[in-house]
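Take a look at the structure below.
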2 protein chains.
Amino acid sequence: MEKDITIYDIARELNLSPTTVSRALNDHPAVNQKTKQRISEAAARMGYRSNLFASNLRKQHTNTIGVIVPRLNSPFMSSVLSGMEKVANDAGYNLIISQSLETLQKEIANAKTMFNSRVDGVLVSLSYETENLDHFQSIINKGIPVIFYDRVAEHPSCTSIVIDNLQAAYQATSHLIEQGCTNIVHITGNLNRNVYSDRLKGYKYALVDHDLPYDDRNIMINNLSEEAGEEAARKILAMNPMPDGVFVSNDTCAVSCLKTLKQAGVSVPKDIAIAGFNNDAISRVVEPNLTTVNYPGQEMGEVAVRVLLMQMSGTVEGIPSNTINLRSELIIRESSVRSKVGNTKKKAVLS
Amino acid sequence: MEKDITIYDIARELNLSPTTVSRALNDHPAVNQKTKQRISEAAARMGYRSNLFASNLRKQHTNTIGVIVPRLNSPFMSSVLSGMEKVANDAGYNLIISQSLETLQKEIANAKTMFNSRVDGVLVSLSYETENLDHFQSIINKGIPVIFYDRVAEHPSCTSIVIDNLQAAYQATSHLIEQGCTNIVHITGNLNRNVYSDRLKGYKYALVDHDLPYDDRNIMINNLSEEAGEEAARKILAMNPMPDGVFVSNDTCAVSCLKTLKQAGVSVPKDIAIAGFNNDAISRVVEPNLTTVNYPGQEMGEVAVRVLLMQMSGTVEGIPSNTINLRSELIIRESSVRSKVGNTKKKAVLS
DNA sequence: CAAATGTATGAAATCGGTTTCAATAATAAT
DNA sequence: ATTATTATTGAAACCGATTTCATACATTTG
């Protein structure tokens with residue numbers, strides 16, 4: 001267990017001042033090239049490593065970004081995180097990641113941790129339970145940029161990064177209608193969250209625009225889990241008349257619903273057409289392949305960090321905080337296609 | 001943008017010394033109960049937050065655990081991370097996560113970052129390219145515990161956390177043999193990594209123990225991606241004679257292989273029985289459902305952090321560094337079952 | 001040749017907690 | 001009444017890098 005080398009040790013070794021050593025290691029122009037050389041050699045030889053705390057304490061910033069996610073354990077979130085890590089790492093930032101497990105209590109604790117860890121910026125996707133943004137206020141008050149992504153909420157001084165959930169849902173629902181569905185069930189999550197309320201709106205508007213009636217009884221709200229999908233399928237089977245289309249707010253739930261319906265002898269898409277959301281791997285595996293909305297998770301993560309980096313560097317003074325929309329698209333697969341022209345059916349645009 | 005409150009501000013406000021304030025905030029026993037009360041009230045009122053750098057700088061530890069993963073973006077890794085985050089968070093630790101993207105260069109950079117960030121402990125799953133552990137030596141030399149999980153390597157002073165890959169592969173292969181397969185292809189990843197070389201061994205041993213010949217030409221090494229699965233399927237289709245069983249080292253690749261074979265008119269499991277590895281969601285969705293090895297990712301993450309916490313607290317002086325084996329199990333599903341007794345077929349033990 | 005400019009370095013203050021060592025006051029024991 | 005013990009508080013050093021301000025010397029410029 002070696003003792004740590006500091007710039008003082010190096011300074012003593014080379015008969016220089018700590019000042020010069022510090023400057024040399026930071027490639028400060030006011031240090032002689034040869035001196036720099038000697039110092040960096042000594043540093044390497046002696047096994048020096050910078051003490052980030054001392055540095056952070058003095059510089060008052062941490063090169064760390066805090067990320068709060070509902071759960072780490074979802075295909076969508078992992079691609080978001082993957083994108084975030086990549087961009088952050090390239091820019092020399094570390095990521096501190098914590099999950100709220102969909103509870104407000106944990107989210108508050110996470111926010112507090114980020115606050116105390118003095119992260120330079122925060123990226124948040126809200127839990128199911130969150131109703132207001134009070135627990136982020138102390139962070140915001142310190143001038144630390146907070147960006148919401150995916151599950152967002154309005155805040156006068158925060159940017160949100162989203163896809164156009166309303167439009168995506170509108171398209172998915174319209175597609176089902178075009179395939180001849182007239183009685184469509186919509187399965188979605190907690191309407192406190194924009195993603196779900198917007199999708200519900202999109203669903204509604206599509207019905208209205210196609211002169212179909214909207215009926216509350218066709219809306220099922222659950223946690224969009226695998227089990228919830230089975231449960232929903234059972235409810236659907238018990239409906240009279242049975243719906244002829246289902247639009248689900250994520251693929252996990254859509255797929256388990258589809259499987260359960262199939263097991264019960266329902267033919268998909270003939271009896272019931274189904275569309276999901278996210279374009280998870282399972283949507284390309286289930287039979288029939290699931291029509292879904294491609295949600296660019298990796299890209300969302302990358303954009304979120306890029307915008308955050310800009311805000312942290314103060315480059316964007318002029319631009320007021322706002323909402324950034326990423327493009328999403330409907331990927332039509334067999335689970336929803338009823339038209340006779342089977343071979344014109346569009347293929348997945350993603351591998 | 002408020003100015004930060006320090007213990008000095010609180011001390012001045014209450015006419016106390018910073019010492020007492022510091023102690024009170026850390027619930028030190030030598031501070032009067034009433035004084036503590038006053039201080040914590042003042043702290044709350046004034047919006048105080050501890051400066052972790054100052055604290056870490058003095059205390060010489062960070063309450064931070066560094067995690068290096070090959071990719072964030074995989075179902076298995078996200079469950080591992082989910083488990084890690086949960087346990088770490090409960091113990092008051094933060095997670096710094098970075099991905100090597102399967103390259104040695106990135107892994108070295110990540111290790112360096114962890115080193116400089118002065119994490120209290122490190123959890124590593126190795127990249128494809130890694131051939132030795134030199135880049136972790138500087139961390140280890142400082143007495144910082146390093147634990148390898150999943151993709152591990154031997155190091156005299158590091159613990160490894162794994163499943164018994166050899167045995168799992170042995171079981172999977174034996175199962176295929178018991179289902180009547182006599183010519184089994186094994187698709188796996190880079191043999192530098194224990195997980196893949198051990199699985200290959202398990203496959204070999206199973207053949208030997210069942211008096212089946214081993215043939216190099218039945219081994220396919222690739223990166224286990226979706227595309228690699230399709231490619232492998234094409235090779236299999238071109239083999240003469242065609243194999244009657246395939247054991248793949250992950251589900252992603254197994255499923256895409258299965259799909260491609262099916263599209264080519266091969267009947268699974270009748271013509272070719274297939275088994276995968278990991279028990280990802282897709283294994284329960286593909287038709288026929290995929291026989292696979294349940295890999296307890298979440299549990300592995302939890303155990304890894306628990307062991308790390310023990311090592312960091314020095315509780316385990318006595319126990320030499322070693323290997324911890326987690327239980328895995330073969331989950332038999334339709335993709336491999338040929339026996340007539342269809343109804344005795346075991347069901348998945350996981351939902 | 002004097003003044004101005006540029007180059008290279010260092011002393012000392014600073015960031016904000018933690019901790020050691022001492023001091024004081026209050027209480028208990030002899 | 002005196003000494004020992006306990007409870008409570010504070011002064012000052014410390015963790016290690018950064019940064020402001022000064023200084024010394026070398027080189028130009030007028």
Side-chain angles (χ1 to χ4, degrees), chain A residues 2-40 42-43 46-64 92 113 115-120 142-143, chain B residues 1-40 42-43 46-64 92 113 115-120 142:
Chain A
E2 303 161 4
K3 212 202 142 286
D4 258 326
I5 302 290
T6 71
I7 54 170
Y8 296 91
D9 299 320
I10 299 178
R12 202 173 321 113
E13 174 92 358
L14 299 181
N15 251 310
L16 288 167
S17 73
T19 312
T20 305
V21 176
S22 170
R23 284 204 266 251
L25 293 173
N26 288 302
D27 207 24
H28 192 287
V31 177
N32 188 293
Q33 205 53 47
K34 280 182 189 159
T35 317
K36 269 185 197 166
Q37 192 63 34
R38 281 173 56 215
I39 291 176
S40 68
M46 301 170 71
Y48 168 80
R49 64 167 167 167
S50 164
N51 186 322
L52 280 186
F53 309 128
S55 174
N56 288 337
L57 172 58
R58 184 62 227 242
K59 292 197 299 194
Q60 303 284 27
H61 68 88
T62 65
N63 269 90
T64 299
T113 305
F115 184 66
N116 283 321
S117 304
R118 281 183 155 66
V119 293
D120 295 331
K142 293 272 191 256
Chain B
M1 202 177 312
E2 302 162 2
K3 211 200 143 290
D4 260 325
I5 302 290
T6 72
I7 54 169
Y8 296 91
D9 298 321
I10 299 178
R12 200 174 322 112
E13 174 91 359
L14 299 181
N15 251 309
L16 289 165
S17 73
T19 311
T20 305
V21 175
S22 170
R23 283 204 267 252
L25 294 173
N26 288 303
D27 205 24
H28 192 287
V31 176
N32 187 294
Q33 205 53 46
K34 280 182 189 161
T35 317
K36 270 185 196 165
Q37 191 64 33
R38 281 173 58 216
I39 291 176
S40 70
M46 300 170 72
Y48 168 79
R49 64 166 167 169
S50 165
N51 185 324
L52 279 186
F53 308 129
S55 173
N56 288 337
L57 172 59
R58 182 63 224 241
K59 291 198 299 193
Q60 302 285 27
H61 68 87
T62 64
N63 270 90
T64 300
T113 305
F115 185 65
N116 283 321
S117 304
R118 281 183 156 64
V119 293
D120 295 331
K142 293 272 190 254

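Numbered from 1 within each chain, the chains take letters A, B, ... in sequence-line order.
- Counting to the nearest Å, the P atom of D/dT8 and the CD atom of B/Gln33 are 9 Å from each other.
- For the pair B/Arg118/A/Leu52, no side-chain contact is recorded, criterion being any heavy-atom separation below 4.5 Å from C-beta on.
- One can place CG of A/Leu16 at 10 Å from P of C/dA11, the figure rounded to the nearest angstrom.
- Following rounding to the nearest Å, A/His28 (NE2) and C/dG6 (P) show an atom-to-atom distance of 16 Å.
- Taking CD of B/Gln60 as the start and CG of B/Asp120 as the end, the distance is 10.5 Å to the nearest 0.5 Å.
- In this structure, the side chains of B/Thr62 and A/Phe53 come closer than 4.5 Å at one or more pairs of heavy atoms.
- Residues A/Leu57 and B/Asn51 are in side-chain contact: their nearest non-hydrogen atoms beyond the backbone lie under 4.5 Å apart.
- Taking each heavy atom of A/Asp27 and A/Lys36 in turn, the nearest pair found is OD1-NZ, 3.1 Å.
- In this structure, CG of B/Asn32 is placed 12 Å from P of D/dG10, rounded to the nearest angstrom.
- Within 4.0 Å of A/Leu52, counting heavy atoms only, lies no atom of the nucleic acid at all.
- For B/Val31 against B/Ala24, the heavy-atom pair with the smallest separation is CG2-N, 4.0 Å.
- Rounded to whole Å, the distance from CG on A/Asn56 to C1' on D/dA17 is 10 Å.
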Q) What string of B, S and - do you get for nucleotides 13-18 of chain C 5' to 3' if you count protein non-hydrogen atoms under 4.0 Å? A) BBBBBB
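- Atoms CG (B/Asn116) and P (D/dG16) sit 14 Å apart, rounded to a whole Å.
- When each of A/Val21, A/Asn15, A/Leu14, A/Thr19 is paired with A/Ser17, the side-chain contact (heavy atoms from CB on, under 4.5 Å) condition holds for A/Thr19 and for no other.
- Rounded to an integer number of Å, the gap from CD of A/Gln37 to C1' of C/dA8 is 17 Å.
- Counting any heavy atom pair closer than 4.0 Å across all strands shown, B/Asn15 reaches sugar-phosphate atoms only and no base atom.
- Rounded to whole angstrom, the span from the CZ atom of A/Arg12 across to the C1' atom of C/dA11 amounts to 16 Å.
- Distance alone, capped at 3.5 Å, places no donor-acceptor pair between the A/Asn26 side chain and the A/His28 backbone.
- Summary of helix geometry: the two end axes of the helix from C/dC1-D/dG30 to C/dT30-D/dA1, each defined by five base pairs via their C1' atoms, are inclined to each other by 40° (rounded to 10°).
- For the pairing with A/Ile7, the side-chain contact (heavy atoms from CB on, under 4.5 Å) check across A/Thr20, A/Leu16, A/Leu25 returns one residue only, A/Leu25.
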